[in-house]
Amino acid sequence: MTRLVIVSNRVADLTKATQSGGLAVGLADALRKRGGVWFGWNGEQHDTLPESAHAKRVGNVQMLSAPLTPEDYAQYYVGFANSVLWPLFHYRLDHVEYEPEFFDGYCRVNNYFADLLVPHLEPDDLVWVHDYHLIPMADCLRRRGCGQRLGFFLHIPFPPHDLLSASPNHERLVEMLLHYDVIGFQTAADVSNFRHYVEDWNVATIADDGTLQFDGRSIVLKAYPIGIDVETFRTMSAAAPEDVRIDTDRRELLRRKQIIGVDRLDYSKGLPERFRAFERLLAHHPELERVVSFLQIAPSTREDVDAYADLRAELEGLAGSINGRHSDFNWTPLRYINRPVSREKLAALFRASHVGLVTPLRDGMNLVAKEFVAAQDAEDPGVLVLSQFAGAAEDLAEALIINPYDEDGMADAIHAALHMPRDERRERHAALLKRIREHDAAAWLASFMADLDSAGRCPPGRHPETVSTAGFNDLTNPAFTETSP
Ligand code: ADQ
């Protein structure tokens, strides 16, 4: 079987991946099955960079990782990836902070990664690149003469063409994407946005079968909705850790209900809107006081990006004001936990909750929505309240679909969820469970790999500007200067 090479911003620890669960497990399983390589940043910053990647063998998988310089970290990771692409692709031009050197750093790091990866590639490898940090990777590899089949999966949304065109580097970015053989998005809406861009800017043609035709090559362009390992999560949810059991027993004794939200602390997740909707629920339905509590788990991420620190302060203010106004000596309406929680505990907390709030302003897919459904007791399930702007909404129509900008509408949906009769809850849950089983992690992996396996090969040296692999992170390297704006 052909080897698989995964390239992602961070490398998962294969020795721990099975315990932590999630996406890493699916990718790790595919790697173990085929053998191969996982390459990415090791999370460290060093003033001088190594000339080869740090290699560690785990079974038949080679784990390759490398540090960044502080300048790379500022320009590539904090800068172009998380202060330009993340907000832009989440339709948040108001959060874009653009500096010209960010794009230089972004291209420089992709070239540096390509230089470290190339010596480890074999001619028949399938190379699967993940996410917005690494859009230029195919271009960088082709310039180094790589003819392997290259696939790319974007985990976040792809924005409408007029929004994308607000970025000074949009034409170059899209052109870089066209060096892959398979380009995968989360949803049909993302595929359609990309197609419109390609047509409007006249960068490639679209054949009747939906493939892109560019530079004499045929590129597969498709939605591959990502999923979870449903049965593992279901099993985990049924075995509640002791502290969750005690908390649940106490709530049942007091006939109280729990609403839950679990997100990374990120402005795309719609957390202030969600907190305010909960306050409106209490304001419109005072009979819910001392009956309903809201548990929000949201650990901080990307603390070096200013917008995230502002959001954290806003949420702390909102939580304080809601609790100050509504708490009683034996009831706290909103519990806000700003720390990560183990997957075992999360699964049990989902199962013990009556309503799951997944209300992002924009989200590629949102795996929490699927985890909440997987964790429910099919006989007495909780209700999922889901944003129309989460990729998951394309598939999960039996959730209560809401507009996260409409806080009163969200409060009404939470109220409806809390009062939904058991038969309706069971019916909706059965339909949702069926859907997440059909589109689980294994199906996502198999469908992408099948397309990558059968993709047309790019003959070595095909790239018009193929350059040698000599030198990395070097401003005089033509590979770097040519990919700069
Ligand atoms: P994220 O933006 O991180 O992922 P999401 O899809 O919800 O969003 O995945 C988060 C994962 O982290 C889930 O498995 C969840 O259980 C876990 N998690 C969240 N909060 C946690 C906490 N407090 N403690 C422990 N674990 C927590 C990006 C895109 C999404 C896309 C995924 C996968 O933004 O749209 O669905 O990639 O492609």
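When a residue number appears, it is its place in the shown sequence, counting from 1. Heavy-atom basis, side chains included; hydrogens, waters and symmetry copies ignored. Order of appearance sets the numbers: ligands from 1, and atoms from 1 within every ligand.
Looking at Y132 against ligand 1, nothing comes within 4.0 Å, counting heavy atoms. The proximity of K269 to ligand 1, defined as any non-hydrogen pair under 4.0 Å, is limited to the side chain. Of the heavy atoms in D263, only backbone atoms (N, CA, C, O) come closer than 4.0 Å to ligand 1.
For I156, no nitrogen or oxygen atom sits less than 3.5 Å from a nitrogen or oxygen atom of ligand 1, counting backbone and side chain alike. Checked against a 3.5 angstrom limit, the closest N/O atoms of L346 and ligand 1 fall outside it. By the 3.5 Å distance cut-off applied to N or O atoms, L367 is counted among the residues near ligand 1.
For the residue pair S268 / R362, no side-chain donor-acceptor distance below 3.5 Å is found, with atom types taken as modelled. Looking at Y267 and D310, their side chains never bring a donor and an acceptor atom within 3.5 Å of each other. Donor-acceptor pairing under 3.5 Å is lacking for the side chains of R351 and Q376. Judged by distance alone, the side chains of N403 and D406 never bring a donor and an acceptor atom under 3.5 Å apart. In the model, E279 has a side-chain atom that pairs as donor or acceptor with a side-chain atom of H326 under 3.5 Å.
Ring centroids of F153 and H155 are separated by less than 6.0 Å, placing the two rings close together. Checked against a 6.0 Å centroid threshold, the rings of F89 and Y132 do not count as neighbours. Between H170 and Y197, the gap from one ring centroid to the other is short of 6.0 Å.
Contact atoms of ligand 1 toward P340: 24 (N) (distance under 4.0 Å to a heavy atom of the residue). Near P299, meaning under 4.0 Å from any of its heavy atoms, are these atoms of ligand 1: 22 (C), 23 (N). With ligand atoms numbered from 1 in the order given, ligand 1 contributes 7 (O), 15 (C) to contacts under 4.0 Å with heavy atoms of V368. Numbered from 1 in the order shown, with element, the atoms of ligand 1 that lie under 4.0 Å from a heavy atom of G364 read 35 (O).
The side-chain hydrogen bond (donor to acceptor under 3.5 Å, both in side chains) test with Y76 singles out one residue from N82, N110, N9, and that residue is N9.
In this structure, W86 has a heavy atom closer than 4.0 Å to ligand 1.
Evaluated by nearest non-hydrogen atom to atom 18 (N) of ligand 1, the leading choice among V358, I297, V262, D131 is V262. Nearest to atom 1 (P) of ligand 1 by heavy-atom distance, out of H155, K345, H130, R264, is R264.
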